[in-house]
Amino acid sequence: MTYAIECRQLTKTWPGKPPVEAVRGIDLTIEQGICFGVLGPNGAGKTTTIEICEGLQKATSGEALVLGKSWATHGHEIREQIGVSLQETRLSEKLTVLETLTLFRSFYGSGIDAEDVIARVSLTEKKHSRIKSLSGGQRQRVAVATALVGNPRLLFLDEPTTGLDPQSRRELWRIISEFREAGGTILLTTHYMDEAERLCDRVAIFDKGRILAIDSPRRLIMDLGAEHVVDFTVSGEQAAALPEEFGSNLPGVISARMESERRCLSVGEPHVAIPALLSLIAARNLQLTSLTTRQASLEDVFVHYAGHGLNDETSGGAA
């Protein structure tokens, strides 16, 4: 089987005093025809790994094969079969949408007609508008269109919806889903857990240059053993002295942790855990100031494996 991406003991070390190990021996295979998500905070090594796969960086050691080929020997063939949308794409603001897509189409031996790809990203009414006049969501759709115009088999999307309004995010979700349904493969990085759960067939959790876990979002959440999370805060004279694991021994509770000001209990049986928690709070002469329940998510999976939140900065790595 030819994988869309295959990384073998991939490493990347940036020079410095001391050197920075951005990627530390990653093994990764991504099947064709799926949407694969890469999750991790800034500094986790995910962007460096992806840039090696895109041919933008060279690995210090190890190998990264793209569609069964090596950048060292088949770079031109790989470029003809991939599309790339980076975290920030700077397009000429004086060109129109149609002129921009016509230019990018000229870079490929074959591909999609510029007007067809503009229609695919729902920008036909804007095709004669200059880039500088577009909204943030429209510009991001143009950036994705530049990655689609070569009719790629593999699409790299690096945080494509960061900073967009909900409507623009949903529009990009539609574009991504349609590409996958047509048989394409997507490598997606995102900070949005709902996005990963909605779009991705499989995800990899990166932290400090390593992969901590790989599986489908549903399986990773199920493997926690906790279907729900109880978030709560308390006040009182004893509140500041409470241990981080406060409540972990209660019936129905699987684990406890702190997230900023909030305490979080991962629970399998909320109808058992919540009454026991309320009794414990009363017995300690504490006051419950807030309590919410929610379903477990990929954010909880990340905290379980990494020991910190997805939005926390890591140390000793690069993006």
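We find that Asp300 and Arg294 are joined by a salt bridge, their nearest charged nitrogen and carboxylate oxygen being less than 4.0 Å apart. Looking at Glu77 and Arg79, no side-chain N of the basic residue comes within less than 4.0 Å of a carboxylate O on the acidic one, giving no salt bridge. Between Glu6 and Arg8 there is a salt bridge, since at least one side-chain N of the basic residue sits less than 4.0 Å from a carboxylate O of the acidic one. The existence of a salt bridge linking Lys127 and Glu115 is confirmed by a sub-4.0 Å separation between a basic side-chain nitrogen and an acidic carboxylate oxygen. Between Asp158 and Lys46, none of the side-chain N atoms (NZ, or NE/NH1/NH2) sits under 4.0 Å from a carboxylate O, so this pair counts as no salt bridge. Contact check on Glu171 versus Arg174 returns a salt bridge, with a Lys/Arg side-chain nitrogen under 4.0 Å from an Asp/Glu carboxylate oxygen.
Few gaps surround CD on Glu80; more than 12 heavy atoms of other groups in view lie less than 6.0 Å from it.
When every heavy atom of Ile82 is checked against every heavy atom of Tyr108, the shortest pair comes out as O-OH, 3.9 Å. The shortest non-hydrogen separation linking Val203 to Pro217 is CG1-CG, 4.0 Å. Among all heavy-atom pairs drawn from Thr96 and His128, the shortest one is CG2-O, 3.5 Å. When all heavy atoms of Phe206 and Ala44 are compared, the pair lying nearest together is O-CB, 3.7 Å. Contact detail for Ala59 and Leu10: the closest heavy-atom pair is CB-CD1, 3.6 Å. Scanning both residues, Arg105 and Ile112, for their nearest heavy atoms gives CD-O, 3.2 Å.
Rounding to the nearest 0.5 angstrom, the gap separating the CD atom in Glu99 from the NZ atom in Lys94 is 12.5 Å. In this structure, Thr49 OG1 and Leu187 CG are separated by 9.5 Å, a value rounded to the nearest 0.5 Å. The distance from atom CG of Leu67 to atom OG1 of Thr185, rounded to the nearest 0.5 Å, is 7.0 Å. Note that CZ of Arg263 and CD of Glu245 are 9.0 Å apart. Values are rounded to the nearest 0.5 Å. Summarising the geometry, atom CG belonging to Leu286 is positioned 7.0 Å from atom CD1 belonging to Ile281; distances are rounded to the nearest 0.5 Å.
Contact annotation: the side chain of Phe156 never approaches that of Ser85 to less than 4.5 Å [non-hydrogen atoms, C-beta and beyond]. For the pair Ser61 and Gln9, the minimum side-chain heavy-atom distance is 4.5 Å or more. Looking at heavy atoms from C-beta onward, Leu199 lies in side-chain contact with Trp173 at the 4.5 angstrom threshold. Counting only heavy atoms from C-beta outward, the side chains of Leu148 and Arg120 approach each other to under 4.5 Å. Side-chain contact between His191 and Glu159 is present, with heavy atoms from C-beta onward closer than 4.5 Å. Counting heavy atoms from C-beta on, the side chains of Gln287 and Val234 never come closer than 4.5 Å. Here the side chains of Val20 and Thr13 are not in contact, with every heavy-atom distance at 4.5 Å or above. Asp215 has its side chain within reach of Arg202: a pair of non-hydrogen atoms, C-beta onward, lies under 4.5 Å apart.
Between the side chains of Arg153 and Gln81, a donor-acceptor pair is found at a separation under 3.5 Å. Ser290 and Thr233 form a side-chain donor-acceptor contact under 3.5 Å, judged by distance and modelled atom types alone. Checked by atom type, the side-chain pair Glu195/Thr161 shows a donor-acceptor distance below 3.5 Å. Neither side chain, Thr60 nor Thr11, offers a donor N or O lying under 3.5 Å from an acceptor on the other.
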**Item:** Pair Glu178-Arg180, salt bridge (charged side-chain N to carboxylate O under 4.0 Å, His left out): steps then yes or no
**Value:** CA-CA 5 Å; Glu178 288 179 354; Arg180 180 196 170 282; over 6 Å; no
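Among the candidates Leu250, Leu288, Val272, the single residue satisfying the side chain to side chain contact (heavy atoms under 4.5 Å, CB included) test with Leu277 is Leu250. Checked options Arg141, Arg170, Gln140; the residue passing with Leu164 is Gln140 (criterion: side chain to side chain contact (heavy atoms under 4.5 Å, CB included)).
Judged by a 6.0 Å distance limit and a 45° cone about the ring axis, Lys69 is not positioned over the six-membered ring of Trp71. A cation-pi arrangement is present between Arg169 and Tyr192 under the rule of less than 6.0 angstrom and at most 45 degrees off the ring axis.
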